[in-house]
Number of protein chains: 2
Amino acid sequence: MEIQGLPGRLLAELGPAIASGELPEGTVLRAEELEERFGVSRTVVREAVRILEGMRLVASRRRVGITVQPRSGWDVFDPLVIRWRLAGADRSAQLRSLGSLRLAVEPAAAALAARHATDDERRRLSALAVELTMTARAADLATFLRHDIEFHSTVLQASRNEMFAHLGDTVGAVLTGRTEYHLMPHQPEPYAIRLHREVAEAVCAGDAERAEQAMRTIVEGALTELNQQLG
Amino acid sequence: MEIQGLPGRLLAELGPAIASGELPEGTVLRAEELEERFGVSRTVVREAVRILEGMRLVASRRRVGITVQPRSGWDVFDPLVIRWRLAGADRSAQLRSLGSLRLAVEPAAAALAARHATDDERRRLSALAVELTMTARAADLATFLRHDIEFHSTVLQASRNEMFAHLGDTVGAVLTGRTEYHLMPHQPEPYAIRLHREVAEAVCAGDAERAEQAMRTIVEGALTELNQQLG
DNA sequence: GAAACCAAATCGTCATACTTTTGCGGGACA
DNA sequence: TGTCCCGCAAAAGTATGACGATTTGGTTTC
């Protein structure tokens, strides 16, 4: 998953620094400066910069240098960019944006899942719903989170739409983020759990309408809760 | 927008080849081979490969080579990947996926736009709706397309959600694609035009519900039409 | 037959030299 | 005094040779 090697190390420094706003728009970096700062060769710096350029976080121009680009151009769907932003200063803005996105996508995905899920996926969803019920009662936040992520990922996967499916990791990052930063109740809401069971049942029954509704209620709940926590 | 220089040339060759399936999953390329094939240096090859690696189209491993990755791992939200796929063999699969995505996102965006659009944006939407009506009557497909793209982009922008906003280019690519490949009626549907006017009016009036419904009808129409054309 | 070992292939990194683009300042000219 | 043009130098872009690191797969040995 992660980019490896020395360029990876550079990325791990520069990416978060830019994403968090520590290096604001317009900041100019020079390749040579980076070489010295990180004690690596030209090759490594250039490759790291190329990757950042691919994410539209920076642009490199002759005789000018490597310029941090305005946020409006960033590839906000890139998983790395999302993770970096979640870890940094505009975590709350990022969580809000992702919240709206989830509200649009996940109900639609649930409806599609009710139509297209494989038998195995339907079984897994039911099993996960049970697990969620149990780990919630035990207040085991870590495993609860794991299962919650897998539940939502499975629904997105089962929608048989590659673009929805790829948002699985993103949703995972959101759920992890809000748990890590204590933006959710310490004891998962029993109501939310019941809705997960309802989604699972509806998908199993092939009831797209009910799956969509239940999922919408789940995500709406998460979003209002988020807004409460963030003021 | 485009990646420049020699690595850009490599990208423009390899990206489409991979995205179209011409180089199927598991294909192994060697850096040296690419150097010779394109008559460029290691530096250039490595940078191009790094970028493809960033999109998760390939993975580079020592003693093995540069391996084309399974589609399931690709960064399907990357604008370049989308464009390459639209230009190649799985154009129809890509159009279907994007259709579902639009169906989820654009109505939600329209609702948000009705709440958050600036005065200028509301004015632009109204103006664009008028333009659409006129160019449709004149059967001027090129300008119609331009205005259509700008209309949808403006709605996404006006939603004040960065992730929605960034789908503007993607939607633009879809609309361009289906026009180029003659997947839409030569004379734009008067009904669809009226719906655009309705979206504009609803956004101006701040009526989220109506904006959402009208936009949903637009995208649903586009999707069913697409499915008819593709069988 | 299995485990340890060795060798070749291939990417990864470094150092360096050369090329190309381009912003900026200085000078010529109106 | 202001404007335009030209050349310089700064910075990224490209090329190349050398070496390092790692993985694979076969070979040897027990």
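The figures that follow rest on heavy atoms only: side chains count, while hydrogens, waters and symmetry mates do not. Letters A, B, ... mirror the listed sequences (proteins, then strands); counts begin at 1. Keep in mind that this is a model prediction, so the values were computed, not measured.
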Could you give the CD1-to-P distance, from I66(B) to dA9(C), as a whole number of Å?
-> 17 Å

Select from R62(B) and R42(A) the residue whose nearest nucleotide in DNA chain C is closer to the 5' end of that strand.
-> R62(B)

Reckon S60(A) has a side-chain N or O less than 4.0 Å from the OP1 or OP2 of dA11(D)?
-> no

Does E162(B) pair with R85(A) as a salt bridge, N-O distance under 4.0 Å?
-> yes

Nearest-Å distance for atom pair CZ/P, residues R9(B) and dT14(D) = 10 Å

Taking dG25(D), dA15(D), dT22(C) as options, the one with an atom nearest any side-chain atom of R63(B) is dG25(D)

Name the residue closer to the 5' end of DNA chain C, choosing between L6(A) and R61(A) according to the nucleotide with the nearest heavy atom.
-> L6(A)

F38(A) CZ to dC14(C) C1': how many Å, rounded?
-> 18 Å

Using a heavy-atom cut-off of under 4.0 Å over every strand shown, decide if R46(A) touches base, sugar-phosphate, or nothing.
-> base

Separation of dT14(D) C1' from R50(A) CZ (nearest whole Å) = 11 Å

Find the distance I51(B):CD1 to dG13(D):P and express it as a whole number of Å.
-> 11 Å

Does a side-chain N-to-carboxylate-O contact under 4.0 Å join D120(B) and R124(B)?
-> yes

Spacing of E32(A) atom CD relative to dT16(C) atom P, expressed in whole Å = 12 Å

Residue pair A200(A) / A129(A): nearest heavy atoms and the distance that separates them = CB-CB, 4.1 Å

Residue A31(B), side-chain heavy atoms: nucleotide from dT13(C), dA15(D), dC11(C) that is nearest | dC11(C)

Salt bridge check: are R160(A) and E121(A) linked by an N-O gap of less than 4.0 Å?
-> yes

Between atom CD in E35(B) and atom C1' in dT14(D), what is the gap in whole Å?
-> 12 Å

Is there a side-chain polar atom (N or O) of T43(B) under 4.0 Å from OP1 or OP2 of dT14(D)?
-> no

How are the rings of H196(B) and H152(B) set relative to one another: parallel (under 30°), tilted (30 to 60°) or perpendicular (over 60°)?
-> perpendicular

Over how many whole Å does the gap from R30(A) atom CZ to dG23(C) atom C1' extend?
-> 15 Å

